[in-house]
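Everything on this sheet refers to the single structure shown next.
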Amino acid sequence: MTDNAPTKNNFILQIIRDDLASGKHDVITTRFPPEPNGFLHIGHVKSICLNFGVANEFGGACHLRFDDTNPTAEKQDYVNSIKEDVEWLGFKWAGEVRYASHYFDQLYAWAIKLIKQGDAYVDLQTPEQIREHRGGFGKPSVESPQRNASIEENLARFDDMKNGKYQEGEAVLRAKIDMNHANMNMRDPIIYRVMFAHHHQTGDEWCIYPMYDYAHPLSDAIENITHSLCTLEFEDHRPFYNWVVDKVGFVKPPHQYEFSRLNIERTLTSKRKLKRLVDMGVVSGWDDPRMPTVAGMRRRGYPAAGLRDFCERLGTSKAEGLVDFRQLEFSVRNALENTTARGMAVLRPLKVTIKNFEEAVADFEHLKKQTVKARLDDGVLWLSQPKHPSMDMGEREIPFTKQIYIDKTDFEVNPPAGYKRLSPQNNEIRLRNSYILKVEDHVTNDAGEVVELLATIDPKTLGNNPEGRKVKGVIHWVSATHGVDAVVRVYDHLLLEDDEANTQIMLSEKDMLDVDTDADTLWIKQHLNPQSLIVYQAVVEPSLADVAVGDRFQFEREGYFVADSVEFTKQLPVYNQIVSLKDGF
Ligand code: ATP
Ligand code: MG
């Protein structure tokens, strides 16, 4: 990880430069092709940044196309969320949103063309027989009894398929390639199946639907996609991709290039598993701030710029691996550093009563440092401070009062070695933006817990160093009488640890009809981190409450936070932790 600006280079950019230089292409067209069967996640962000980034880099176009060939898993809600997410990430697709389903007539016509060329046939075997007869793993393949049926028979059967004369599983259309091909994907893959399902775009018009592997390359070809970028698990599908565009007759077909998918430690990048989390109710929804979905990360407060920076730094290659989560946090922090106002929030309030408050602040005007701006009003000393140390974001007024809160963790009766904050032995500390505080005594409850500190302030230390002694350490604080009660949510990973299973589920689930939901549920239960959410009843300085939903801040010494887009109100502010101030190195 470096601070250097990410370099714009990867093997795909190089291929495109070569294609432009050789005159193979004049205009570059890419596409982002999600299936609307869930919300987009961080893995998709990588694909989006790559596809749109490549198009932008070369003045080309990037399409947004829904690969909507599996109506039972897809929904209009998902279509809407995906569009919103891509826009939020800062990308603009060329032209209208596209749908593979808008090409269904064309895809059907080409299926008939394939049948007429002798390149496709209707198979009447059961799904089990088809699977069995594919062979592999030492077993020889077995040709379907219908493999050599006449073109007329196949045309009639395909027509019957289309007209609903076959039930689901009774007939499929298969490409006729080679039942002994070394690549299993070339052993007469299924290209159409019967499905009596309502489709979010085409309604009840069809009861046969093309398979992804058939629809995808042809959709690319229809849209004049030049570089079809996808993840490595589709490498074995490329021969069929090329076969189908060739058989249909495209002379300048698109070319598929594969890159490695993004896997991040302790992070699920599978829509199916993420949907399971939602369905199990272990998160509040697809936009739960702990979810690695775009909607979740947005609500969590990750800036789009941070996500784009992360993807650019990752680069694009064919190397598989698990990315350190701290790389993502690094980019998020970078994007927040100069864009967020500062403020003080006490997450674990411990009351401090300043016994000499009235006398100490009475003469603040004469004793403070010249540059300190403050005003005394009705027993409250209002301290002016810039909202950001170096960026021009204006000022905020912080009320300083006789009773304040500091964080419980900033006072220890029996401090561990090296403890730099308050204790009975080391009882002086700087209150950030304010005076030096001296703890005179502490009050405990029946359980022995410290419930209040009794303290004094040194009147000459507003902006000035104390005389005749060194005071180390600065802590944050909030007025107990003028602060605002707030809910602060701090997050950890949803998953406990990585293991084999986490990488296995990353495999593509395209066209998977028999998903083992129980196995997913069990896996999630075993790997769920019980500490992924901690809720604090906090108190914040007033400037942090007088804000808009979605505003982001740095709570000094605590981290970056966002005003929650769903639950925040000025009366009861709710904040989500975006990221801690420093990584856990
Ligand atoms: P999931 O398994 O989560 O459903 P998918 O690959 O089936 O993912 P699609 O909606 O079909 O999801 O994906 C759209 C595009 O996003 C594809 O080109 C796919 O390769 C890419 N993509 C999906 N996951 C990742 C990932 N983890 N890293 C990079 N690209 C990804
Ligand atoms: Mg999928």
Side-chain angles (χ1 to χ4, degrees), residues 10 12 30-55 62-70 73-75 78-79 81-83 85-86 89 91 93 97-100 211-213 215-217 219-220 223 225 227-238 241 254 256-278 286 291-297 307-308 310-312 314-323 325 328 502-513 515 520:
N10 63 54
I12 287 171
T30 58
R31 83 289 169 267
F32 173 62
E35 187 187 347
N37 61 350
F39 279 55
L40 297 182
H41 53 63
I42 183 75
H44 296 110
V45 176
K46 175 171 173 175
S47 177
I48 290 168
C49 289
L50 177 65
N51 279 295
F52 284 91
V54 158
C62 180
H63 299 177
L64 173 63
R65 182 206 317 141
F66 288 99
D67 258 327
D68 52 351
T69 54
N70 192 5
E74 297 163 7
K75 279 204 299 201
Y78 297 143
V79 170
S81 76
I82 290 170
K83 288 197 280 191
D85 289 351
V86 173
L89 282 167
F91 297 108
W93 50 87
V97 173
R98 291 150 220 258
Y99 296 86
M211 297 297 278
Y212 173 85
D213 273 351
H216 184 75
S219 302
D220 280 350
E223 294 179 11
I225 301 301
H227 299 78
S228 178
L229 313 177
C230 65
T231 35
L232 276 174
E233 68 267 24
F234 293 105
E235 197 166 15
D236 288 348
H237 298 238
R238 179 154 31 95
Y241 185 108
Q256 174 180 305
Y257 295 95
E258 305 88 14
F259 61 95
S260 57
R261 56 183 296 137
L262 170 62
N263 297 320
I264 308 182
E265 54 169 19
R266 298 177 71 180
T267 304
L268 286 173
T269 44
S270 152
K271 277 186 249 148
R272 192 187 91 216
K273 285 253 165 147
L274 292 169
K275 181 168 189 304
R276 206 80 276 286
L277 289 174
V278 174
W286 284 100
M291 291 281 272
T293 52
V294 176
M297 293 188 289
L307 294 176
R308 292 194 303 264
F310 169 65
C311 291
E312 231 173 88
L314 278 178
T316 303
S317 75
K318 283 180 175 284
E320 293 277 14
L322 206 54
V323 172
F325 192 81
L328 173 57
N502 199 9
T503 11
Q504 276 170 18
I505 51 119
M506 303 305 175
L507 297 175
S508 172
E509 298 137 15
K510 292 249 178 291
D511 299 323
M512 267 186 71
L513 300 174
V515 173
D520 280 352

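One-based numbering, in listed order, for ligands and for the atoms of each. Index from 1, following the sequence.
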- [ ] Report yes if some heavy atom in the side chain of K46 is under 4.5 Å from a heavy atom in the side chain of F259; otherwise report no.
- [x] yes
Open item on the list: Less than 4.5 Å apart, side chain to side chain, heavy atoms only: is that true for E35 and N70?
Closed with: yes
Checking the N or O distance criterion of under 3.5 Å, is ligand 1 in contact with [X]?
X: N37; value: no
X: R272; value: no
X: E233; value: no
X: R261; value: yes
X: P34; value: no

Open item on the list: I need the atoms of ligand 1 closer than 4.0 Å to a non-hydrogen atom of P33, numbered in the order shown.
Closed with: 14 (C), 18 (O)
TODO: List every atom of ligand 1 that sits less than 4.0 Å from any heavy atom of S270, numbering the atoms from 1 in the order shown and giving each element.
DONE: 3 (O)
TODO: Check each of K271, R31, K275 against atom 1 (P) of ligand 1 and report the one with the nearest heavy atom.
DONE: K271
Task: Proximal candidate to atom 20 (O) of ligand 1 [heavy atom criterion; set L314, T231, I82] - done: T231
Task: Test side-chain contact (heavy atoms from CB on, under 4.5 Å) applied to F52 and R308, step by step - done: CA-CA 11 Å; F52 284 91; R308 292 194 303 264; over 6 Å; no
Task: Contact summary for P33 and D67, nearest pair of heavy atoms - done: CB-OD2, 3.3 Å
Open item on the list: Can you tell me if F32 contacts ligand 1 (heavy atom of the residue under 4.0 Å from the ligand)?
Closed with: yes
Task: Rounded distance [0.5 Å steps], CD1 in I42 versus CD1 in I264 - done: 4.5 Å
- [ ] Quick one: pull up OG1 in T293 and NZ in K271 and give me the separation to the nearest 0.5 Å.
- [x] 12.5 Å
Open item on the list: Check this for me, if you would: do E223 and R31 make a salt bridge, where the nitrogen-to-carboxylate-oxygen distance has to be below 4.0 angstrom?
Closed with: no
- [ ] Please check if the distance between the ring centroids of Y212 and H216 is under 6.0 Å.
- [x] yes
TODO: Pick one of side chain, backbone, both or neither for how H41 approaches ligand 1, counting any non-hydrogen atom pair under 4.0 Å.
DONE: side chain
